[in-house]
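Residue numbering restarts at 1 for every chain, and letters A, B, ... go by the order of the sequence lines.
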Amino acid sequence: MAATLLTHNYFPNFNAPRIVSLNPFEPPNPNQSHDAVTRPRFPKPNQLRLTHSNASKTLTERSNITLMDALYSFIDSGSIDDALYLFEEMNHSDTFSWNIVIKGLVQKGLFDEAISYFHRMEFGGIRPDKFTYPFVLKAFAGLLSLKEGEKVHAKLIKVGLDLDVYICNSIISMYMKVGCVESGENVFEEMSVRDLVSWNAMVSGYQLVGDGLSSLVCLREMVSVGIRPDSFSFISSFGACSVEGCGRNGKEIHCQVIRNGFEMDPRVETSLIDMYGKCRNVIYAERVFDMIVDKNMVAWNAMVAGYASNARFYESFSCVKKMQDVGKLMPDVITMINLLPACAQTGALLMVKSIHARSIRKGFLPHIVLETALVDSYRRCGKLKLAEHVFTRIKGKNLASLNAMIAAYVHNGWYSEALELFLDIWYNSVKVDAITFASILPAYAEVTSLSEGRQIHAVVTKLGLSSSNTIISNSIIYLYAKCGDLQTTRRCFDGMVCKDVVSWNTIIMAYAIHGFGRISIQLFHEMIENSIKPNKSTFVSLLSACSISGMVDEGWEYFNSMERDYGIDPGIEHFGCMLDLIGRTGNLDQAKHFIEEMPLVPTARIWGSLLSASRKTNDIELAEAASKHALSQEHDNTGCYILLSNMYAEAGRWEDVEKIKTLMIQEGIAKTMGCSAVEKDYKVHRFVDQDGSNAEVNMVNDVMDIIVKMTAEEEDVYARRITKLRRTDLTRKKPNVPENHSVRSAISFGLISTKLGSPVLVRKNIRICEDCHNFAKRISKISKREIVVGDSKVFHHFEDGNCSCGDYW
DNA sequence: ATAGGGTTAG
């Protein structure tokens with residue numbers, strides 16, 4: 001067949017009807033141009049079967065005019081390889097053939113190749129013309145190379161082509177696509193004659209850079225100067241409405257679409273579905289979707305996404321089913337990508353896996369977007385190993401996939417893995433973006449190293465992200481609070497231009513964990529005055545503040561006001577805060593009663609809270625009951641065992657202590673080793689309980705000896721207490737001697753290694769014990785220094801013998 | 001023969 005075509009009828013009937021696929025499953029070819037049906041066409045290359053051995057001779061015998069038509073047909077049908085082959089066989093002394101080849105490459109997204117052909121053309125002495133430059137500009141826009149684009153712009157001014165309206169439109173589009181809005185605006189402003197396309201370039205450009213508002217303003221402006229928008233204008237402005245989440249404007253423009261008779265345009269219809277879906281108006285999206293007579297793949301996919309992104313998970317699945325049954329279309333890779341959030345958000349791991357499996361079977365993989373979606377879905381199901389599995393196999397990881405993996409690690413508490421990945425790409429000079437920082441900053445907050453926190457803050461500031469990006473600013477506030485620097489926390493908060501509800505929640509929580517609940521309350525009222533609507537998290541912050549600072553009456557008042565004044569149902573986390581609050585009053589009956597009366601099933605955190613409450617009065621019976629409940633649930637129960645064990649020890653019930661010890665061994669739970677850290681000169685100095693290996697330990701011991709002597713002299717009781725504990729500990733061979741607790745070494749080291757007048761900041765991984773708490777209070781009085789000890793829950797600000805926690809923690 | 005456009009992950 002192929003041979004016949006080549007020898008007998010190389011250029012068959014130009015006017016023959018187009019071969020149209022009869023396969024109803026085949027999606028329409030998106031590359032087809034509008035006028036494809038009317039223009040005489042060269043046969044498709046697959047009908048042509050051009051082979052390298054026998055074609056060249058035949059081809060060169062033909063006139064160049066006919067060859068040009070062939071070249072054009074190849075490009076038009078997307079057969080770039082055939083086109084390039086043919087091109088090489090032709091004498092290419094004319095600009096037109098070069099233009100066509102460059103156009104073909106740009107259409108295929110082969111921007112680098114397009115540029116290299118452009119350079120070859122220039123090098124060969126062929127002058128590019130006004131038709132060449134739009135393609136070249138599009139290629140540089142695609143490569144996001146502003147510099148090269150600017151060079152072309154400069155050259156166009158030089159040769160005087162910058163007055164051509166087509167050229168100008170291309171320049172505008174290039175500038176907008178690379179994100180250089182100002183340059184685009186300048187070109188637009190200076191044009192003497194603007195056509196519809198010039199306006200469309202601006203409307204679409206603004207939407208592209210995420211400035212939906214300017215896009216919509218631009219649309220309005222073009223109408224007001226008498227330019228009638230076309231389908232392109234409308235499609236772009238629907239994108240703008242989506243960006244702004246502005247369904248109201250979307251509806252208005254929808255009306256304009258109908259008035260202008262574009263409502264039957266399939267692309268307009270699809271962009272409408274997309275817009276309504278993104279503006280949380282599923283009903284309107286459905287309405288538009290149902291009106292489409294002949295729904296294509298894109299429309300179905302848009303509807304699937306509309307359901308999935310609006311938590312209508314069941315509908316998104318049934319939509320895929322209908323797509324196959326009614327629409328006679330097979331789900332494609334984009335369907336999979338759209339469907340994944342629906343599975344992941346319902347925690348349907350099996351569904352994620354089956355989509356993954358189906359994608360492998362259908363040959364959708366490798367596909368960077370699908371793989372990234374899989375990473376994200378597996379992490380939402382808490383399956384980090386599976387997320388990692390997909391991630392490590394991604395070839396040509398891009399920024400989005402890296403961001404997804406960093407977020408996956410951070411969301412699941414794998415902070416060191418997240419930091420390792422982040423630092424790896426950072427030190428390899430991989431370009432990162434605001435999303436990268438927004439993802440990694442919570443990990444820095446968990447590292448709780450003030451110097452590292454300052455470093456990352458500096459990086460973010462240098463990139464201009466710390467003031468402009470609210471999510472990042474909020475993370476920075478949280479980071480400083482967690483690192484113990486409340487002053488900087490406040491400074492960053494005050495410096496924020498756009499404070500959202502998260503910013504307020506964070507600052508309220510910051511003061512809460514630092515024990516300054518009064519300020520938290522004050523900030524809450526400030527927030528209300530600033531017309532920021534509180535949410536669930538606000539009350540977690542506020543109630544935590546009341547609990548930590550022992551403001552019982554206020555706590556109850558705010559708890560009761562939640563539903564009454566703000567319409568927020570108290571969740572389990574709020575009950576937890578209230579239980580802490582009750583616990584600190586020592587009224588254990590009330591605590592028990594509170595749990596019984598709770599409308600929600602108590603979690604391990606609730607029982608843990610009751611356990612902590614029972615510790616205060618050493619009510620072992622209650623502690624045992626609470627522990628039993630807590631231990632029956634899947635949870636990290638290390639703290640629970642330790643607390644109970646300590647209570648048994650306090651009561652001298654050593655057999656029970658041993659029992660717990662055996663139980664912990666059985667369960668494979670290791671006691672978390674106490675560790676305290678002090679930073680000096682950008683270095684973290686760690687002190688471990690009962691450890692003598694630290695280099696500074698001798699010096700620290702000397703300092704401690706002096707301090708212990710001073711505190712002992714001051715308060716005799718304290719000395720006696722040490723002796724008592726030491727004796728029992730020696731006889732029982734118990735290693736848990738408070739005077740060997742790392743926090744004391746850390747404080748001592750901090751006192752001699754930091755500047756006078758500045759607070760000593762110690763970070764501790766587990767809760768501080770009562771003895772060490774007393775010790776710290778005394779040192780703060782003697783040394784006249786502020787000592788800040790951040791444990792796993794709160795910050796203790798020791799000053800002049802007192803602690804901000806009011807001796808309850 | 002030339003410019004502008006819809007669905008997807010972060």
Asks: Just to confirm, is there a sub-4.0 Å distance from OP1 or OP2 of B/dG4 to any side-chain nitrogen or oxygen of A/Lys138?
Replies: yes
Asks: Answer yes or no for A/Lys130 and A/Tyr166: cation-pi contact, defined as NZ/CZ to six-membered ring centre under 6.0 Å and angle to ring axis within 45°.
Replies: no
Asks: Categorize A/Lys295 for me: base, sugar-phosphate, or nothing, with a 4.0 angstrom heavy-atom threshold over every strand shown.
Replies: nothing
Asks: Using a heavy-atom distance cut-off of less than 4.0 Å, which residues of residues 301-310 of chain A contact DNA chain B?
Replies: A/Asn301
Asks: Have A/Ser401 and A/Asn398 got a donor and an acceptor in their side chains that come within less than 3.5 Å?
Replies: yes
Asks: Kindly point out which of B/dG5, B/dA3, B/dG6 is positioned nearest to the side chain of A/Lys177?
Replies: B/dG5
Asks: Let's see if you can work this out: which of B/dT2, B/dT8, B/dT7 has an atom nearest to the side-chain heavy atoms of A/Phe135?
Replies: B/dT2
Asks: With no hydrogens and no angle check, do the side chains of A/Glu286 and A/Tyr307 hold a donor and an acceptor under 3.5 Å apart?
Replies: yes
Asks: Students often mix this up, so state it plainly: with edges at 30° and 60°, are the rings of A/Tyr284 and A/Tyr276 parallel, tilted or perpendicular?
Replies: tilted
Asks: Can you tell me the distance, in whole Å, between the CE atom of A/Met176 and the P atom of B/dG5?
Replies: 12 Å
Asks: Base, sugar-phosphate or nothing for A/Leu196? Non-hydrogen atoms, less than 4.0 Å.
Replies: base
Asks: Give the nucleotide from the list B/dG4, B/dT8, B/dG10 with an atom nearest to the side chain of A/Asn338.
Replies: B/dT8
Asks: Holding to side-chain contact (heavy atoms from CB on, under 4.5 Å), I want the full list of residues that pass it with A/Ile355, two or more places apart in sequence or in another chain.
Replies: A/Met336, A/Leu339, A/Leu340, A/Cys343, A/Ser359
Asks: For A/Leu163 and B/dA3, give me the distance from atom CG to atom C1', rounded to whole Å.
Replies: 16 Å
Asks: Which whole-number value in Å describes the distance from A/Leu161 CG to B/dA3 C1'?
Replies: 13 Å
Asks: Between B/dT8, B/dG4, B/dA9, which nucleotide gets closest to the side-chain atoms of A/Ala373?
Replies: B/dA9
Asks: From the options B/dT2, B/dG6, B/dG10, select the nucleotide whose nearest atom is closest to the side chain of A/Ile235.
Replies: B/dG6
Asks: The side chain of A/Val369 lies closest to which of these nucleotides: B/dG6, B/dA9, B/dT2?
Replies: B/dA9
Asks: Any idea which of B/dG4, B/dT2, B/dA9 is nearest the A/Ser204 side chain?
Replies: B/dG4
Asks: Within the 4.0 Å heavy-atom criterion, would you say A/Ile167 contacts the bases, only the backbone, or no part of the nucleic acid?
Replies: nothing
Asks: Taking the side chain as every heavy atom from C-beta outward, state whether A/Met202 and A/Met222 have any pair of such atoms under 4.5 Å apart.
Replies: no
Asks: B/dT2 P sits how many Å from A/Trp98 CH2, rounded?
Replies: 20 Å
Asks: Compare the minimum distances between each of B/dG5, B/dT8, B/dG4 and the side chain of A/Asn200, then state the nucleotide with the smallest one.
Replies: B/dG4
Asks: With distance as the sole criterion, do the side chain of A/Thr270 and the base of B/dG6 form a donor-acceptor contact below 3.5 Å?
Replies: yes
Asks: Taking any heavy-atom pair under 4.0 Å as a contact, classify A/Asp129: base, sugar-phosphate, or nothing.
Replies: nothing
Asks: In whole angstrom, give the distance that lies between atom NE2 of A/His367 and atom C1' of B/dT7.
Replies: 12 Å
Asks: With sequence neighbours excluded, tell me which residues meet side-chain contact (heavy atoms from CB on, under 4.5 Å) with A/Leu423.
Replies: A/Tyr427, A/Tyr444
Asks: Would a line drawn from the ring center of A/Trp98 to the ring center of A/Phe118 be shorter than 6.0 Å?
Replies: no
Asks: Quick check: any donor-acceptor pair below 3.5 Å linking the side-chain of A/Asp230 to the base of B/dG5?
Replies: no
Asks: Out of B/dG10, B/dA3, B/dG6, which has the shortest distance to the side chain of A/Arg267?
Replies: B/dG6
Asks: Identify whether any heavy atom of A/Asp433 sits under 4.0 Å from a base atom; if not, whether one sits that close to sugar-phosphate; answer base, sugar-phosphate or nothing.
Replies: nothing
Asks: A/Phe422 CZ to B/dG10 C1': how many Å, rounded?
Replies: 15 Å
Asks: Side chain of A/Ile435 only, please: which of B/dG10, B/dT7, B/dA3 is the nearest?
Replies: B/dG10
Asks: Tell me whether A/Asp433 contacts the main-chain N or O of A/Ile435 through its side chain, where contact means a donor paired with an acceptor under 3.5 Å.
Replies: yes
Asks: Can you tell me how far C1' of B/dG4 sits from CZ of A/Arg228, to the nearest Å?
Replies: 18 Å
Asks: Measure from the ring centre of A/Phe232 to the centre of the six-membered ring in the base of B/dG5, then say whether that distance is under 5.5 Å and the planes meet at under 30°.
Replies: no
Asks: Measure the distance from CD on A/Gln107 to P on B/dG5 and round it to the nearest whole Å.
Replies: 13 Å
